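It should be emphasised that the depicted structure is a prediction, and the values quoted were computed from it without experimental measurement. Counting starts at 1 for both ligands and their atoms, in listed order. Sequence positions, counted from 1, serve as the residue numbers for this chain.
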Amino acid sequence: MTQEERFEQRIAQETAIEPQDWMPDAYRKTLIRQIGQHAHSEIVGMLPEGNWITRAPTLRRKAILLAKVQDEAGHGLYLYSAAETLGCAREDIYQKMLDGRMKYSSIFNYPTLSWADIGVIGWLVDGAAIVNQVALCRTSYGPYARAMVKICKEESFHLRFSRGWLERLGNGTDVSGQKMQQAIDKLWRFTAELFDADEIDIALSEEGIAVDPRTLRAAWEAEVFAGINEATLNVPQEQAYRTGGKKGLHTEHLGPMLAEMQYLQRVLPGQQW
Ligand SMILES: [Fe+2]
Ligand SMILES: [Fe+2]
């Protein structure tokens, strides 16, 4: 049996591919791209939430938010480690992010201007993360699948955190309900991108590396719409429409975030950590 045949057989039998196994170059390349994009989304997602650590109401809530943001840093690091097992340097991947050449979902860099935005962004994004990442626990590449198992456990806590705020503020006062509805209406347009599939996503799903995101929308809607309704809020009538993150076309909010991420490198050029 040739190495190509052995590889195809393992994929067909759903036996994990491990770092020491032979794999086609195209598989390795698309996997690095997928894991890198995923890792960047985790890291970028820390920034809008991180801004609220000092402003969260009460010390206990600051500590909870801090733990959530640290979880996202951990998710990014597990994923960079999984990408390293494919032979690429961690520096290469995150240098792309620091240079602004990264691709990730743009909803993660939308500024969170009120505490309502924290609850809503979590509810929309963590809901999508769960449906996507539960499916990724069965991905064909072993280190990626194992990272996803750990990430999913933490992500389900994040979803409970967001659900708590969705219900508490949605069913709270008139003002808190209005703020939540405004946050949903504002962030809604970015949700289309979470279920966008380009030709690389389709190739990835054929290889068993990732799931075709278009197939996940119905499960996400069932969970997310139910939560919004229970919080006596409304799902916007308008179609979600903003896409482009997977092509590296991000919003105007990328600039200030890059400045924050590049700060350390600019102050201490050439430093290692
Ligand atoms: Fe995460
Ligand atoms: Fe999360």
Exercise for review: Provide the atom name of the closest N, O or S atom of H158 relative to the Fe ion (ligand 2).
Suggested key: ND1
Point to revise | Residues K186, D117: salt bridge by 4.0 Å N-O rule | key: yes
Exercise for review: Determine whether L159 and W123 make a side-chain contact, defined as any pair of heavy atoms from C-beta on separated by less than 4.5 Å.
Suggested key: yes
Check your understanding: Taking all atoms of both residues into account, what is the closest heavy-atom pair of R6 and M1, and its distance?
Key -> NH2-O, 3.4 Å
Check your understanding: Closest N/O/S atom of E42 to the Fe ion (ligand 1), by atom name?
Key -> OE1
Check your understanding: With the Fe ion (ligand 1) at the center, what angle do OE1 from E72 and ND1 from H75 span, rounded to 10 degrees?
Key -> 90°
Review point. Is it true that R10 and E18 make a salt bridge, defined as a side-chain N closer than 4.0 Å to a carboxylate O?
Key: no
Exercise for review: Tell me whether D71 has at least one N, O or S atom under 2.8 Å from the Fe ion (ligand 1).
Suggested key: no
**Study point:** the Fe ion (ligand 1) to nearest N/O/S of E154 below 2.8 Å
**Key:** no
**Study point:** Under 3.5 Å donor-acceptor, N171 side chain and E230 backbone
**Key:** yes
Practice item. Output yes if E155 passes the N/O/S-under-2.8 Å test against the Fe ion (ligand 2); output no otherwise. Key: yes
